[in-house]
There are 2 protein chains.
Amino acid sequence: MLNEPMSSLSQNCSDCPIRHRAVCARCDGDELSQLEEMKYYRTFEPGRTIVWSGDRMDFVASVVSGIATLSQTMEDGRTQMVGLMLPSDFIGRPGRTTSAYNVVATTDVVMCCFRKKPFEAMIERTPHIAHRLLEMTLDELDAAREWMLVLGRKTAREKIASLLSIIARRDASLQLRGTQGPLVFDLPLTREAMADYLGLTLETVSRQMSALKRDGVIELQGKRHVTVPDFNRLMEEAGDDADGGLLV
Amino acid sequence: MLNEPMSSLSQNCSDCPIRHRAVCARCDGDELSQLEEMKYYRTFEPGRTIVWSGDRMDFVASVVSGIATLSQTMEDGRTQMVGLMLPSDFIGRPGRTTSAYNVVATTDVVMCCFRKKPFEAMIERTPHIAHRLLEMTLDELDAAREWMLVLGRKTAREKIASLLSIIARRDASLQLRGTQGPLVFDLPLTREAMADYLGLTLETVSRQMSALKRDGVIELQGKRHVTVPDFNRLMEEAGDDADGGLLV
DNA sequence: CGGGCCTTTGAGATACGTCAAATTGGGTGG
DNA sequence: CCACCCAATTTGACGTATCTCAAAGGCCCG
């Protein structure tokens with residue numbers, strides 16, 4: 001079960017797939033070569049834990065490819081996913097030595113890691129990085145707050161529709177497709193992972209997926225392959241304004 | 001119904017009550033005087049809306065005193081509070097022209113506002129501000145994620161206990177008391193506001209408050225004045241590790 | 001072809017929401 | 001100073017969305 005061989009990973013920042021979106025997006029050539037000195041790649045298989053909550057973390061990292069989740073767990077095992085980390089997202093917190101969350105790979109994941117100390121020092125002297133990191137953190141804060149509305153006030157059906165529309169939207173924007181015409185994508189999450197993200201049980205997730213399928217909001221080929229014939233319909237089911245642009 | 005008269009507001013940053021915690025915390029004298037040129041104070045009465053979601057915002061601001069809430073509302077009126085803004089917290093987002101949330105004063109509120117354009121320009125050239133803002137944003141992101149666990153996975157009783165322990169903890173740290181001995185504080189929120197924060201109805205909030213009182217976890221003097229005889233007991237009811245330090 | 005997940009579906013239990021009415025208590029005006 | 005008023009809160013009865021427990025498929029991979 002090999003994922004992309006290391007040889008295909010750009011050792012060279014200039015042709016990195018997340019070059020223009022990651023924390024290094026605004027760096028110039030000189031700054032990039034400083035980063036190249038402190039960076040190294042790591043890969044993880046699906047299901048593998050990248051960091052445990054409470055563990056010492058002496059690196060920060062960008063997701064280069066694949067999907068990872070951030071989650072919190074209570075003593076009795078209840079767990080809540082608090083973040084979905086996609087390519088270009090940043091993992092780890094400058095100025096903190098331990099992880100506050102479990103970080104788990106849900107697909108094959110490639111990460112571009114930076115040793116923490118040198119990276120922190122570089123933040124101090126490199127406004128390009130500090131500003132990009134601030135911007136990314138503000139975006140994540142907005143996303144977390146949007147998710148609070150989903151968790152606190154939406155019904156199970158709306159929660160499922162919300163999750164599907166987020167994944168569909170992201171997929172469409174990666175593939176540069178418009179919102180017209182059917183959207184097709186693969187669910188990167190198991191029913192249980194969806195439940196942990198939505199604050200539901202996996203049975204409720206399954207039932208609501210079946211209901212959305214029965215009502216023609218989505219079509220399923222197998223368990224993971226999803227077709228959305230009408231994106232606006234999905235948005236309505238999510239309880240969102242249908243005019244919320246696709247290109248966010 | 002006058003709140004603190006303007007005359008009592010420090011026009012002078014150097015004796016501002018939030019000087020050491022706000023976005024300006026790390027500024028030196030020169031930077032402070034630049035800020036003083038673009039700042040002005042505004043006050044709001046309880047219940048007054050400071051900004052509406054979607055409104056143009058041409059300032060950013062620090063809460064100097066009082067409490068404000070951030071909330072999102074769905075078309076049918078369901079609302080979810082996504083942030084509790086306390087003294088020193090920062091409102092507004094550099095690089096965005098409209099507010100994503102409703103901002104409402106729940107008590108008398110004094111805000112130190114900065115005109116947006118000059119402030120954004122200053123961030124660009126002042127690492128002290130950019131770094132402090134990054135740090136504060138990361139803290140807010142952690143708080144939002146902790147709240148996602150509360151919203152997604154906790155029972156009504158645990159939710160109430162979680163909210164009370166957060167307020168009690170903050171109050172204790174302001175008054176520099178330890179966690180030993182009874183904690184006493186005033187609830188700055190109505191039952192409805194608590195419900196909007198917790199993703200519950202106000203009736204459920206009221207019932208669970210009564211239950212916690214009946215079980216001796218809290219005592220109530222009037223509707224808003226709360227005594228917590230044993231903080232660890234409250235933490236247990238919240239479903240948190242009781243060893244979570246008070247001094248976070 | 002068989003074993004082990006992941007998923008679906010069912011039946012019954014329950015926590016929380018909804019609707020409605022009673023009670024409290026803090027502020028106000030007489 | 002007291003009675004009154006009104007918003008906030010409490011309490012009750014009932015409905016229901018979601019959870020829990022249980023069993024029966026599918027599907028991938030060896």
Side-chain angles (χ1 to χ4, degrees), chain A residues 1-2 45-48 74 76-80 106-107 150-164 186-215 218-226 237 239, chain B residues 1-2 45-47 74 76-80 106-108 150-164 186-215 218-226 237 239:
Chain A
M1 185 178 284
L2 271 180
E45 295 170 15
R48 190 72 70 202
M74 293 172 67
D76 60 8
R78 281 177 282 178
T79 95
Q80 176 65 50
T106 68
T107 64
V150 173
L151 290 173
R153 290 303 186 192
K154 291 194 176 181
T155 65
R157 171 184 265 242
E158 290 170 333
K159 285 180 174 182
I160 300 285
S162 297
L163 179 57
L164 292 177
D186 282 308
L187 270 178
L189 303 171
T190 65
R191 297 289 184 264
E192 186 179 18
M194 292 173 69
D196 285 343
Y197 204 51
L198 296 166
L200 297 170
T201 59
L202 65 91
E203 294 94 332
T204 298
V205 170
S206 179
R207 275 187 253 273
Q208 296 296 339
M209 288 289 287
S210 300
L212 289 175
K213 175 176 161 190
R214 169 166 28 79
D215 298 342
I218 59 174
E219 290 156 22
L220 292 175
Q221 291 83 38
K223 291 153 197 291
R224 299 292 194 86
H225 201 69
V226 181
E237 293 287 354
Chain B
M1 187 178 279
L2 275 179
E45 295 170 15
M74 295 171 66
D76 60 8
R78 282 177 280 177
T79 96
Q80 175 66 51
T106 67
T107 64
D108 281 304
V150 172
L151 291 173
R153 291 302 187 193
K154 291 195 177 178
T155 65
R157 170 183 265 242
E158 289 169 335
K159 285 179 175 181
I160 301 285
S162 297
L163 178 57
L164 293 177
D186 282 308
L187 270 178
L189 303 171
T190 65
R191 298 287 184 266
E192 187 180 16
M194 292 173 69
D196 284 343
Y197 204 51
L198 296 166
L200 298 170
T201 59
L202 64 90
E203 293 94 332
T204 298
V205 170
S206 180
R207 274 186 251 273
Q208 296 298 337
M209 287 289 287
S210 300
L212 289 174
K213 176 177 161 189
R214 170 166 28 79
D215 298 344
I218 59 175
E219 290 156 21
L220 292 176
Q221 290 82 39
K223 292 157 196 290
R224 298 290 195 86
H225 201 70
V226 181
E237 293 287 354

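Only a predicted model underlies this, so the values are computations on that prediction, with no experimental measurement involved.
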Student: Classify the side chain of A/R207 and the base of C/dG10 as holding, or not holding, a donor-acceptor pair under 3.5 Å.
Tutor: yes
Student: Let me know the distance between CG of A/L220 and P of C/dT9, rounded to the nearest Å.
Tutor: 10 Å
Student: Find the distance A/L202:CG to D/dA23:P and express it as a whole number of Å.
Tutor: 17 Å
Student: Could you work out which one of D/dT20, D/dT18, D/dT9 sits closest to the side chain of B/R191?
Tutor: D/dT9
Student: Measure from CG on A/L198 to P on D/dT18 and round the result to the nearest Å.
Tutor: 12 Å
Student: Could you tell me whether the side chain of B/L151 reaches within less than 4.5 Å of the side chain of A/Q80, counting heavy atoms only?
Tutor: no
Student: Nearest whole angstrom, please: distance from the C1' of C/dC5 to the CZ of A/R224.
Tutor: 11 Å
Student: Go through C/dT18, C/dC16, D/dT9 for me and flag the one nearest to the B/T155 side chain.
Tutor: C/dC16
Student: Please confirm whether any donor atom in the side chain of B/E203 sits under 3.5 Å from an acceptor in the base of C/dC19, or the reverse.
Tutor: yes
Student: Taking atom C1' of D/dT18 as reference, at what distance in whole Å does atom CD of A/Q208 sit?
Tutor: 9 Å
Student: Does a side-chain heavy-atom distance below 4.5 Å link B/I160 with B/E237?
Tutor: no
Student: Between P on C/dT7 and CG on A/D196, what's the gap in Å once rounded to a whole number?
Tutor: 12 Å
